[in-house]
2 protein chains.
Amino acid sequence: MTATPTPRVTIKDVAARAGVSKGAVSLAFNHKPGLSEATRDRIFLAARELGWSPSLTARTLAGSRVDVVGLAVCRPARALGLEPWYMEFVSGVQSVLTEHSSSLLLRLVRNMDEEVAVQEAWWRGRQTGGSILVDFRADDPRVAMTERLGMPVVAVGHPSLTGGLTSVWTDDATAVTEAVRYLAALGHRRIARVGGAADLGHTSIRTAAFDEAAGALALAGAWQVATDFSGEAGARATRSLLTAAPADRPTAIVYDNDIMAVAGLSVAAEMGLRVPEDVSLLAWDDSQLCRLTHPTLSAMSHDVHGFGADVARTLFSVITGGEGGSHPVPTPVLTPRGSTAPPR
Amino acid sequence: MTATPTPRVTIKDVAARAGVSKGAVSLAFNHKPGLSEATRDRIFLAARELGWSPSLTARTLAGSRVDVVGLAVCRPARALGLEPWYMEFVSGVQSVLTEHSSSLLLRLVRNMDEEVAVQEAWWRGRQTGGSILVDFRADDPRVAMTERLGMPVVAVGHPSLTGGLTSVWTDDATAVTEAVRYLAALGHRRIARVGGAADLGHTSIRTAAFDEAAGALALAGAWQVATDFSGEAGARATRSLLTAAPADRPTAIVYDNDIMAVAGLSVAAEMGLRVPEDVSLLAWDDSQLCRLTHPTLSAMSHDVHGFGADVARTLFSVITGGEGGSHPVPTPVLTPRGSTAPPR
DNA sequence: ACTCTTCACTGAACCGGTTAAGGGAGTGCG
DNA sequence: CGCACTCCCTTAACCGGTTCAGTGAAGAGT
């Protein structure tokens, strides 16, 4: 990238116009004491007239804060776009960043090594003042990286995965248990779960919780399948679960996100099974999608937007040296809609 | 945001360790001529040993390029996340940015004034080296802003909306015409369109094209409704279109995005209408959603990922002073699936 | 033997801010 | 009148790179 054709106006120009030194302008714009009201006004007037605002780059270099928060998201090559969850999450993060007039540096990476490299480069290069880390897996290399760099971060994930990092998490185990109990209470004895990517930490947590809940309730059948979170994978998993003989197949299926649940719904339709009469479906991550299908999808819903906002707020507190403040967000609550009912 | 606890390693440290001057290190890391192979190697070795990588901030300040591309997206307050289209678009943009090892600065703004302010601050503050501008409307203030600032941008939108800016666009008019002709060819004489936000430029273009196509084909009925692109709005619009007496209601509906089409599909189901026997549905922006419903949704499909990549490539060419190179991307093509058929 | 190039590298200015130390004017006080 | 103390503001160093004129040594040309 090359130079700009624009004659840039700098602090020097403002200082000259206001008849003061660069330092004075700096003081004024940082609302620091040591300037008379009159001078301050003169400086702001000059700045306004010249259309000047301080260069964040120079400001950053000069050693003050960095008003950018980093977020790297792992996606396989040529991703088909992000899931609704991410969108809502990002939107929540942004709502808080905006209040602090800082921005989000977003990067899609292909694997963990790349993410580590990117985060390190961002931090080393003072591109970001901190990062939000998502999608933790077992023995996540980012824990060590963060500690080595001394970089302020907030980890989105259960403390068992995020080591000593400040983290904000959803109590997936409890939510899974609640989902299974709910279905069991409706009378389901054969329940399946179409899970997310097996290498993700929260998937393992949900898998373990599902097993435990199934055991505790002495279900007659409990299946779990791992996928990649895509609609296609969800459809495939559903198809294979439902092709068994009626007496052997699950009467209820829990999905790890809403895209897969939607896919499952259409697979059921395509196989001539009625929802919820023949099979109950329960989604996760309640986005607007769940309310658009027919029947509407029951879901474990949570305030993803609020989650993102909470994470961003926590990051700011970490950056400003506040108390770490790891904490869970409210556990997803079951929102029954049209896709769940007692088995026939 | 406050200081970092990390002892930062700078170019000076690397220079000292390699026994050369700062300038030499700079030359090496920018692959500029004037250094012997031996020295170059020594410098890289030293850098590797110290774990140093150049500070982008300092590099930017020193007047070379800025490796960040800005994208501000207008969303109403507390957005429910972005549409699939944006996700795919962003993902395509990223794929190209990654090759140039630059990043995306993403910001959700609430209105046009805020976007203008953000873009200006980014550019003035040398936060970005250029921007991608989306969602053009008539008399868009960003055209003037861009020219005033001399900022490199690529506008996503038809040249009639983007003034003299370098732009990349989809030929919406032709696509709409094709969609209407297709439905007419199936035998539909009463066609409706559930459009997007009325203030968006491409919505107007589609609206005009729809009117024209309807007129040219002398359709018996042609309706158009504006929405906000949300599933809820799509459902509402569909409901009101389909409540008319069978002889007076549309037999085919075109939607401006896929979320609304999915919503429309479930409204039809809820009203006891069969798709495509009673009503044909045609979506826009073919994301994976369209393949997940039952029946699958016919769509005007388009390589959104590739579109994003194209836009990013064009931006790089603008930034490096290449020929503007405004151009259209391939017109969306009709992908017939299960939701369209001749009327009963 | 002497000048001319070329090559490899250094030194210093500079980018646009921040910040600590310092200086001059005005006031209070002995 | 002299001294200390504020209050405002300036000066200059610094952040971590880039860039360019310039230097010194080796090799080429005559």
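Letters A, B, ... are given to chains in the order of the sequence lines, protein chains preceding strands, and every chain is numbered from 1.
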Quick check on [N]: is either OP1 or OP2 less than 4.0 Å from any side-chain nitrogen or oxygen of [X]?
X: B/W52; N: D/dG17; value: yes
X: A/T39; N: D/dC9; value: yes
X: A/S26; N: C/dT19; value: no
X: B/S36; N: C/dC9; value: yes

NA contact type, B/V20, heavy-atom cut-off 4.0 Å: base, sugar-phosphate, or nothing? sugar-phosphate
Atom-pair distance ([atom1] on [X]; [atom2] on [N]), nearest Å:
X: B/L61; N: C/dA13; atom1: CG; atom2: P; result: 17 Å
X: A/K32; N: C/dG17; atom1: NZ; atom2: P; result: 15 Å
X: A/E37; N: D/dC8; atom1: CD; atom2: P; result: 10 Å
X: A/L27; N: D/dT10; atom1: CG; atom2: P; result: 10 Å
X: A/W123; N: D/dG16; atom1: CH2; atom2: P; result: 13 Å
X: A/N30; N: C/dA20; atom1: CG; atom2: C1'; result: 15 Å
X: B/D41; N: C/dA8; atom1: CG; atom2: C1'; result: 15 Å
X: A/I43; N: D/dC8; atom1: CD1; atom2: P; result: 13 Å

Intermediate values then yes/no, side-chain contact (heavy atoms from CB on, under 4.5 Å), B/V73 and B/V109: CA-CA 6 Å; B/V73 177; B/V109 295; over 6 Å; no
From [options], pick the nucleotide closest to the side chain of [X]?
X: B/K22; options: D/dC9, D/dT19, D/dT18; value: D/dT18
X: B/S21; options: C/dT10, C/dC9, D/dG16; value: C/dT10
X: A/A58; options: D/dG17, C/dG16, C/dT10; value: C/dG16

For a ring pair (Phe, Tyr, Trp, His ring centres under 6.0 Å) with B/W169, tell me which candidate from B/H327, B/H202, B/H158 qualifies.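 In the set B/H327, B/H202, B/H158, the residue that makes a ring pair (Phe, Tyr, Trp, His ring centres under 6.0 Å) with B/W169 is B/H158.
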Does any non-hydrogen side-chain atom of A/F29 lie less than 4.5 Å from one of A/S53?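 Contact flag for A/S53/A/F29 side chains = no.
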Judged by atom type as modelled, is there a donor-acceptor pair below 3.5 Å linking the side chain of A/D41 to the main-chain atoms of A/A38?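 No.
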Return the minimal non-hydrogen interatomic distance between A/G129 and A/W123, and the atom names on each side.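 Here A/G129 and A/W123 meet closest at O-CZ3, 3.8 Å.
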